[in-house]
Structures are given as structure tokens and as C-alpha cells.
2 protein chains.
Amino acid sequence: MPTPAPGNEPPAVTATDNLTAAGGPATRAPLPGAGSATLRMWVRLLACAKIGEKQLRRKFDEQFDTTLPRFDVLAALDRVPEGLSMSALSRALLVSNGNVTAIVRQLQAQGLVASRIDPHDARSAIVSLTPAGQRQFDTLATAHHAWIAAMLRDVPAERVDQLVRSLGELRAILEERT
Amino acid sequence: MPTPAPGNEPPAVTATDNLTAAGGPATRAPLPGAGSATLRMWVRLLACAKIGEKQLRRKFDEQFDTTLPRFDVLAALDRVPEGLSMSALSRALLVSNGNVTAIVRQLQAQGLVASRIDPHDARSAIVSLTPAGQRQFDTLATAHHAWIAAMLRDVPAERVDQLVRSLGELRAILEERT
DNA sequence: CCTTTATGCTTTAAGCCTAAAGAAAGAGGA
DNA sequence: TCCTCTTTCTTTAGGCTTAAAGCATAAAGG
């Protein structure tokens, strides 16, 4: 559609990418120095995460009839063969306690994870992968890895390394302020 | 908390940060070259987005009794005074069409946005900020900007600039593959 | 033993999100 | 006119997410 109904197509920019565009040379910008570079960084970070997540979510659904959060649980459990308590799981995944309850219930119904009472604490359930869950995770992880490699194949290797470092630093800073 | 309840505290790493850790010098790594640097980059990107989003969501809720998605809608509309159709809005926000319906309905009930029929196309509703919505957005945007500046105040300015560039490049690449 | 306090987990209410199906309007051609 | 195809939007079913309330267990102190 060339020249589509004037004023109907938005610039394909997410949210507030250029909040300070109007106003000319700002003489009283809030929080001077930092300017809005941090805001632009944040908006772009979020856009990247959203776009990529959308692609991965669709792949998980289409090819394996599962979801990203369920994969995340399996991945967390794969890293700790002894199993994790619900609380530990929720901390590892950065989601709320109640949320984990529902997701684990689904995986349990599918026979992918098992839950036993902590012998040292009757309140605590320890969740771990079943053999079927381990097999399922291995399959999913391979596909997941390949999807991401494909998604990012046009990003130069040195740029990837740079981002690994910078984002690691950024994550450390963000975690401090929690 | 030094030495906390042995075996109960997971390493504070999100999801699959080091999938290839076990196995020594891999002789048959899938997708050689790229290795798992892309995977680590992706996991870190996602972690940063989640941590930051969580903080912002809480701030929006506590201080203004609103939500991030609603702010996103206001922000998109602020950038286009003539208003946007529901479809254009959903494209700008990277969310589904049906989702926008619900969020706009909320904002409409609060009197922050108005919706009129497109005179050129009776199917299309054009949504725009009301004066009250504009005032609300200005307030929220100022706070939002300040929160982000505070959240990222320990990231060196040159690192911010570097990330702005790299993430912009990354976003462009991700958008191609949609 | 009993009370108080803290912890682990589940439940609930409310909201965000998607895909898919459906309703309504536009656009084009026979 | 009528038929078909497309586009725009809403609705629906299902899943993720949170905060807050509630239940059960644990831990500490009288």
C-alpha cells in the first residue's frame, strides 16, 4: 500500500524512543548530563527483548506445543540435578512465588518434573526433572540454541562479545538496585 | 546472609547462562564459531529487561496506580497528536490487536484517551489523548525518565552510548527476521 | 508447653498477552 | 447487483504474571 491513508501509519518506533525531540536545545533538561541517552538505551533494550521473545515464543508453541516459561523452569532444573525448592525456582526465574506453582503443576501433569517433600522441612517441596523431563529439555535446549543462533547470525561476533560483557555489567548494576 | 542454609540457595543466575559448562573442550559443539556466545548474550539481555521492567512496574503501581502497558499506550499516542488506529497502535507497541482493545478500554474509562470513527473508513477507530490524558502522560513520563536515570546511574556514560548504538543495530537485525 | 514470629507454598483477584474465530466494512470484478 | 477477498476490530479461550491473603510448618523464647 503506497501512500497509505495519510496519517494512519505510525513511524515504526517503539514507545518513547525520542521523548525529548520537541523543545530545541533544552536549557532545563531534568537530570542533566545523562540526558536521555539512558532512556533511549532502555527503550531499545526492551524492544530487542520483546521482538526476540515473540519469535521464540512462537517457535516453542508451533514446534513443541510448549511455552517459554515452561522451558525456563526445565532449564533451571537442568542446572541443578538435586532439584530446587519452589522458592529457589522463583528466585532463579525472577518470577513470583505463586506463578511457579502453576507452571510446575503443568509440568508435573505432563510428567516432566517430580516433586517430593524436603526431608528437612515439611513445608518445602523439592522439584526436579524426571528422565522424560530431562530428555524433553535436551531436545528443547538444542532447538532453542539453534533458534537464537539463527536469530542473531547477522550480528558480528565481536559485537556479540561486546554485548555479552556490557550486558553482564549492566545486569550486575541492575541487580544491586533491587 | 553469609553461608545461607546449605544447598537451598541457587546460584543467582538466570535460566541457561552456561549451558556448555559441562563437557570440557567441546569437540562437537553445535553451530561452531558462534559457539554459545549468542546464547549468553540473549540470556543476559532478557535478564536485564526483566529486572528493569520489574522495578518500573512496581513504581508505576505504587506511585501512580497504573501499569506499564497503559503508559506505553499513552506514550505512543503522545508522539502522534492526530491519533492512531487500533492496528497502528498494536504495531507500534509490538502487541496483539486484541490486547490493545482491552488496554484502550481501560484508558477510555479513565477519560485519558478518546476514540472516534475514522471518517474515511468506518471500520477504523482513531484513538487520541484527551487533555487529561496529555497531562497524565506528562507527569508519568517525567517520573519514568527519572526512574530510568536512577536505575542506570552507575553505568558510565560511554557505556550507555555504546549500548544505544549496539542495541539499535541489534534491533534492526531482529526486526528483519520477523 | 505455648506463644510469637518467620518461612514456604497455594489460592485469589486482577491484569496482560496471544492466537483464532467472528462481525462489520471496504474494494474489486463479473 | 452480487460475489469474493481483504482489512479492522472485538471476542473468546487459555496461559503468564503480580500482589495480597491465607494455611501449614518451623524456629525461638517464655
Side-chain angles (χ1 to χ4, degrees), chain A residues 1 4-5 8-10 46 49-51 53-62 64-73 83-110 115-127, chain B residues 1 4-5 8-10 46 49-51 53-62 65-73 83-91 93-110 115-127:
Chain A
M1 43 169 164
N8 224 6
E9 189 67 22
L46 231 53
K50 261 192 184 173
I51 297 170
E53 237 181 327
K54 182 177 298 200
Q55 293 179 34
L56 294 177
R57 184 175 41 231
R58 185 179 307 236
K59 295 263 191 199
F60 270 121
D61 183 39
E62 287 174 351
F64 296 102
D65 192 34
T66 187
T67 67
L68 211 103
R70 290 181 202 178
F71 173 72
D72 287 341
V73 168
L84 289 173
S85 69
M86 300 292 276
S87 296
L89 211 38
S90 89
R91 278 192 298 272
L93 301 177
L94 303 176
V95 300
S96 70
N97 233 331
N99 192 357
V100 173
T101 298
I103 298 176
V104 166
R105 205 200 315 274
Q106 306 258 7
L107 293 172
Q108 213 168 358
Q110 295 180 275
S115 164
R116 64 182 194 283
I117 303 284
D118 184 339
H120 302 315
D121 187 341
R123 295 167 302 177
S124 185
I126 296 184
V127 183
Chain B
M1 42 167 162
N8 224 4
E9 190 69 21
L46 232 52
K50 259 191 186 173
I51 298 170
E53 238 181 325
K54 182 177 297 199
Q55 294 179 33
L56 295 177
R57 183 176 40 233
R58 184 178 309 236
K59 295 261 190 199
F60 269 121
D61 183 39
E62 288 175 351
D65 192 34
T66 188
T67 66
L68 211 102
R70 291 181 202 178
F71 173 72
D72 286 343
V73 169
L84 289 172
S85 70
M86 301 292 275
S87 296
L89 211 37
S90 90
R91 278 191 299 272
L93 301 178
L94 303 175
V95 299
S96 69
N97 233 332
N99 192 357
V100 172
T101 298
I103 298 176
V104 164
R105 205 198 318 273
Q106 307 259 7
L107 293 171
Q108 213 169 356
Q110 295 179 275
S115 165
R116 64 181 194 285
I117 304 283
D118 184 339
H120 303 314
D121 187 342
R123 295 168 302 178
S124 185
I126 296 182
V127 183

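In what follows, chains carry the letters A, B, and so on, assigned in the order in which the sequence lines appear, proteins first and then strands, with residues in each chain numbered from 1.
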Can you spot which of A:V73, A:L84, A:L89 makes a side-chain contact (heavy atoms from CB on, under 4.5 Å) with A:V100? A:L89
Integer-rounded Å distance: D:dT17 C1' and A:D72 CG: 13 Å
Rounding to an integer number of Å, can you tell me how far B:R58 CZ sits from C:dG15 P? 18 Å
Distance check: side-chain N/O of B:N99 vs OP1/OP2 of C:dT18, anything under 4.0 Å? yes
Under 4.0 angstrom, heavy atoms only, what part of the nucleic acid is A:D121 near: base, sugar-phosphate, or nothing? sugar-phosphate
Residue closer to the 5' end of DNA chain C, A:I126 versus A:D61 (nearest nucleotide): A:I126
Look up atom CZ in B:R116 and atom CG in B:D118, then write down how far apart they are to the nearest 0.5 Å. 8.0 Å
Which distance, rounded to the nearest 0.5 Å, do you find between the CG of B:N97 and the CZ of B:R91? 8.5 Å
Any side-chain N or O of B:S87 below 4.0 angstrom from OP1/OP2 of D:dC9? yes
Counting only side-chain nitrogens and oxygens, does A:Q106 get under 4.0 Å of the OP1 or OP2 atom of D:dG14? no
Hey, is the side chain of A:R57 poking within less than 4.0 Å of OP1 or OP2 on D:dG15, counting only N and O atoms? no
Side chain B:R123 and base D:dT8 donor-acceptor under 3.5 Å: no
For the pair made of NZ in A:K54 and P in C:dC17, what is the distance, rounded to whole Å? 10 Å
Candidates C:dC9, D:dC9, D:dC16 - which lies nearest the side chain of A:T67: D:dC16
Measure from CD1 on A:I117 to C1' on C:dG8 and round the result to the nearest Å. 11 Å
Among D:dT17, C:dG26, C:dC9, the one nearest A:P69 by side-chain distance: D:dT17
Stepwise, does the side-chain contact (heavy atoms from CB on, under 4.5 Å) test hold for A:F60 with A:T66? CA-CA 5 Å; A:F60 270 121; A:T66 187; 3.8 Å; yes
Compare side-chain N and O positions of B:R105 against OP1 and OP2 of D:dT11 and report whether any pair is under 4.0 Å apart. yes
Return the value, rounded to whole Å, for the distance between atom NE2 of A:H120 and atom P of D:dA27. 11 Å
To the nearest angstrom, how far is A:E53 atom CD from D:dT17 atom P? 9 Å
Exactly one candidate in B:K59, B:E53, B:R58 meets side-chain contact (heavy atoms from CB on, under 4.5 Å) with B:L68; the answer is B:E53
Give A:I103 one of three labels, base, sugar-phosphate or nothing, depending on what nucleic acid heavy atoms sit under 4.0 Å from its own. sugar-phosphate
At less than 4.0 Å, is any side-chain N or O atom of B:S124 found next to OP1 or OP2 of D:dC9? Yes or no. yes
Separation of atom CG in B:L68 from atom P in D:dT18, rounded to whole Å: 13 Å
What's A:A102 touching, base or sugar-phosphate or nothing? Going by heavy atoms closer than 4.0 Å. nothing
Do A:T67 and A:R57 make a side-chain contact, defined as non-hydrogen atoms from C-beta onward lying under 4.5 Å apart? no
Specify the separation, in whole Å, of atom CG of A:N97 and atom P of D:dC16. 16 Å
